[in-house]
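The next block holds one structure in the form of structure tokens; read it before the comments.
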Protein chains: 4
Amino acid sequence: MNRRSSAESRKKILNAALITFSDHGYRGASMRMIAERAGISVGGLYLYFKGKEELCLTMLKDRFNDLVAELEKVALKIQDPADAFTQFITVSVEYTKRHRELILAQGREQGFTFGIDVKKRFFKNQRRLVEMIIRKGIDSGHFDDCNVREAAKIVTSMIRGFVLSIVVDPENLFQPDECARFMLRGLLRRKEQ
Amino acid sequence: MNRRSSAESRKKILNAALITFSDHGYRGASMRMIAERAGISVGGLYLYFKGKEELCLTMLKDRFNDLVAELEKVALKIQDPADAFTQFITVSVEYTKRHRELILAQGREQGFTFGIDVKKRFFKNQRRLVEMIIRKGIDSGHFDDCNVREAAKIVTSMIRGFVLSIVVDPENLFQPDECARFMLRGLLRRKEQ
Amino acid sequence: MNRRSSAESRKKILNAALITFSDHGYRGASMRMIAERAGISVGGLYLYFKGKEELCLTMLKDRFNDLVAELEKVALKIQDPADAFTQFITVSVEYTKRHRELILAQGREQGFTFGIDVKKRFFKNQRRLVEMIIRKGIDSGHFDDCNVREAAKIVTSMIRGFVLSIVVDPENLFQPDECARFMLRGLLRRKEQ
Amino acid sequence: MNRRSSAESRKKILNAALITFSDHGYRGASMRMIAERAGISVGGLYLYFKGKEELCLTMLKDRFNDLVAELEKVALKIQDPADAFTQFITVSVEYTKRHRELILAQGREQGFTFGIDVKKRFFKNQRRLVEMIIRKGIDSGHFDDCNVREAAKIVTSMIRGFVLSIVVDPENLFQPDECARFMLRGLLRRKEQ
DNA sequence: AATGAATGAGATTTCATTCAT
DNA sequence: GATGAATGAAATCTCATTCAT
């Protein structure tokens with residue numbers, strides 16, 4: 001019986017969960033796998049979390065709150081809209097590279113309702129912040145007037161596609177700054193500049 | 001015993017698989033569910049497919065071949081690069097809306113190896129076609145010179161993000177033509193046009 | 001793989017369930033025990049019943065319907081109220097001696113709601129029939145006027161106590177005719193006093 | 001660390017056990033629940049009792065001794081046999097209404113051997129006291145001669161049925177005095193007939 | 001070719017009990 | 001004496017796969 005403090009064990013479990021869920025998805029990850037990685041017995045997991053779902057959601061919530069906080073900083077603190085835009089993509093991309101477990105936000109496990117509140121809140125925040133940046137750009141005259149709502153959807157889709165690719169198709173990972181450049185300037189030739 | 005031709009049964013099974021996998025994901029879909037929907041016995045499935053994995057992959061392969069064929073038509077037949085670009089996104093988006101089972105391509109079931117070849121081939125083709133369109137645009141002077149490889153990654157990520165959103169966050173579905181417009185023109189204000 | 005017909009298996013399972021539940025109570029009986037006794041695999045049970053609860057309730061319902069049918073015959077067909085009363089107790093007692101699983105009706109498993117509808121219906125019927133017999137006796141002048149409702153509760157309690165004793169304290173099993181004799185001497189109208 | 005005397009802790013535990021077992025049954029009650037209610041650690045329980053079974057049986061034994069003492073008083077001190085009889089039923093019924101944990105005496109947990117000695121002793125005492133009351137009634141000329149053994153079984157069954165109904169079918173609870181009245185009319189000697 | 005009863009391995013979860021501190 | 005983290009066995013249930021018919 002390898003004794004540890006409660007807090008230590010909780011952290012070990014969350015960490016093991018994070019890796020295991022990332023690698024195998026929600027259903028693919030078994031409590032046994034998580035327990036083994038955490039160096040604890042299977043029953044022990046249930047001392048800290050009511051069940052698989054709670055374990056997964058706790059981990060996700062932590063991550064989301066973290067990321068949203070970082071993104072909020074970018075959207076609020078950076079004055080230049082183009083810079084803010086670039087940073088938003090960069091931070092999103094770098095964060096999810098460090099925390100691959102965020103792909104779980106994409107899962108369709110347990111019917112469609114799994115963690116739906118947690119996810120919905122994150123998605124809404126993500127969109128809201130992109131819209132804020134773009135609107136600021138339009139107001140300040142840096143950006144063309146445009147359909148802000150649509151633009152935000154496109155940007156968040158792109159980021160979501162990046163997250164997926166990390167796990168599923170790593171050859172497809174773009175450079176965040178290149179990505180921002182494209183979005184800002186477009187593909188069409190500019191006649192003179 | 002409702003006699004059908006072998007080919008007919010195979011088709012029925014593939015169709016049932018398609019719907020069931022779409023609705024429940026790979027692990028959530030059970031062979032019994034597929035059998036019931038196909039109007040065949042559980043054992044019968046194994047006369048046509050070696051197992052669940054083969055069944056799923058066969059279905060995916062069919063779908064991918066189909067979609068790639070359509071996309072190839074767009075990339076090859078449409079002369080104007082901007083039109084081709086717009087059509088590429090539109091077709092990708094519309095096709096996956098009709099065939100939600102393509103989200104399976106995103107799954108991480110069975111470790112990372114599940115259907116890896118099938119997916120990789122599709123991803124490569126997808127990227128190849130986008131690159132082809134963009135390169136044509138640059139060559140013909142319609143598009144600015146740019147990092148073609150990166151641009152293609154960004155576009156495919158965006159499409160992949162769309163596919164995911166269908167299931168996970170339907171509020172996030174963008175309009176394909178708006179999307180194309182943004183990619184083509186960018187966000188930054190154009191001084192004169 | 002010991003092949004049997006579906007109906008045969010179902011019967012075997014119900015029979016095994018009956019004995020196992022009787023001997024160990026609802027919680028004490030495990031699906032493994034039932035499966036072993038039925039000569040089937042644990043998973044096999046779930047082909048025939050959705051779960052432990054359904055298995056148990058199906059078995060109980062069958063039994064209750066059976067017994068109520070027999071008791072109804074007694075209450076309706078026997079003219080003499082004293083005879084009907086005696087027979088009611090005798091049949092109840094003999095039936096539960098043959099079908100000890102009826103003690104399950106007494107369990108408090110799964111909180112208090114387990115099989116509550118099934119049980120409540122039986123209890124109500126049991127009371128209703130006793131009341132009917134007593135009321136007939138009063139109307140025909142064989143029985144003293146009395147609080148019919150209370151009398152019925154007392155009789156059903158007595159029977160319930162008998163059922164329990166079968167399993168818990170077999171030395172306490174009374175003779176049904178003696179029991180009826182005792183109860184009747186209190187119910188029969190006294191010619192002169 | 002809330003220091004208490006050993007005896008105090010023991011009492012707290014027994015009290016917690018009593019309530020928890022009453023509410024959830026033997027298997028439904030967990031050691032953790034009992035510990036929490038007692039305001040003691042899980043491990044602490046094992047300092048006072050060897051295990052769940054011993055804890056439960058100790059509690060039952062206490063209860064039984066208590067009740068038997070009360071019933072003994074009734075049987076020995078009350079002169080009039082009809083009064084004694086009525087009081088016996090009343091006390092039994094009221095006591096079990098206050099101490100629902102006595103239904104545990106009815107359980108079939110752990111096969112048939114659980115607490116068998118404790119229960120048997122109680123059952124025997126219960127029967128012995130009823131027999132004593134009836135025999136006194138016969139000897140004093142208040143009661144008809146009858147099969148005392150059978151009569152006692154019937155009475156204890158009735159009480160046992162009442163105990164069960166408390167938990168399982170509360171609509172079935174009879175009034176103890178009505179019950180006694182019914183039983184007595186059958187036992188009391190008839191002056192002339 | 002086709003069926004569907006049956007299996008067996010593995011999933012999540014619960015819990016009495018132990019034991020290092 | 002006392003704690004509560006940890007264990008391990010067992011429970012219910014699911015399901016891809018097999019195979020006698």
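Letters A, B, ... are given to chains in the order of the sequence lines, protein chains preceding strands, and every chain is numbered from 1.
Between the C1' atom of E:dT12 and the CE atom of A:M33 lies a distance of 14 Å, rounded to the nearest Å. D:L45 places its CG atom 17 Å from the P atom of E:dC19, with the value rounded to the nearest Å. For the pair D:R10 CZ and F:dA2 P, the computed distance is 13 Å after rounding to whole Å. Put simply, CD on D:E53 is 16 Å from C1' on E:dC15, counting in whole angstrom units. Summarising the geometry, the separation between NZ on A:K11 and P on F:dA5 is reported as 17 Å, rounded to the nearest angstrom.
For C:Y46, the side-chain atoms get nearest to F:dC13 when compared with the rest of E:dA2, F:dC15, F:dC13. Between E:dT13, E:dA1, F:dC13, one nucleotide has an atom nearer to the side chain of B:Y48 than all others, and that is E:dA1. Checking E:dA16, F:dT12, E:dA6 against the side-chain heavy atoms of C:M31 singles out F:dT12 as nearest. Distance from the side chain of A:S41 is smallest for F:dA6 among the nucleotides F:dA6, E:dA11, F:dG4.
C:K61 NZ to C:R121 CZ: the interatomic distance, rounded to the nearest 0.5 Å, is 6.5 Å. For the atom pair OG1 of C:T58 and CG of C:L14, the computed distance is 6.5 Å after rounding to the nearest 0.5 Å. If you take CG on D:D23 and CZ on D:R100, they are separated by 5.5 Å, rounding to the nearest 0.5 Å.
The side chain of C:S9 contributes an N or O atom lying less than 4.0 Å from OP1 or OP2 of E:dA6. Side-chain nitrogen and oxygen atoms of A:R27 include none within less than 4.0 Å of the OP1 or OP2 phosphate oxygen of E:dA11. Under 4.0 angstrom from either OP1 or OP2 of E:dA11 there lies at least one side-chain N or O belonging to A:R32.
Sequence order on DNA chain E of the closest nucleotides to C:V42 and D:K52 puts C:V42 first from the 5' end. Each of D:G28 and A:S30 was assigned the nucleotide of DNA chain E with the nearest heavy atom; the assignment lying further toward the 5' end belongs to A:S30. Of the residues near DNA chain F, C:K50 and A:L47, the one whose nearest nucleotide (by heavy atom distance) lies more toward the 5' end is A:L47.
For the strand DNA chain F, secondary-structure stems (runs of at least three Watson-Crick or G-U pairs, all distances below 3.5 Å) span E:2-21 with F:2-21.
In this structure, B:A29 reaches the sugar-phosphate backbone alone: every heavy-atom distance under 4.0 Å involves primed, P, OP1 or OP2 atoms, never a base. Among the atoms of the strands shown, only primed sugar atoms or phosphate atoms (P, OP1, OP2) are found under 4.0 Å from some heavy atom of C:I40. Using a 4.0 Å heavy-atom distance criterion, A:G51 is classed as a sugar-phosphate-only contact.
Side chain of C:K119 to backbone of C:L60: no donor-acceptor contact under 3.5 angstrom is found. Side-chain atoms of C:K11 do not come within 3.5 Å of backbone N or O of C:S6 as any donor-acceptor pair.
Taking the ring centre of A:F122 as origin, the terminal cationic atom of A:R63 falls outside the region bounded by 6.0 Å and 45° from the ring axis.
Under the salt bridge (charged side-chain N to carboxylate O under 4.0 Å, His left out) criterion, C:R32 pairs with C:E36, not counting sequence neighbours.
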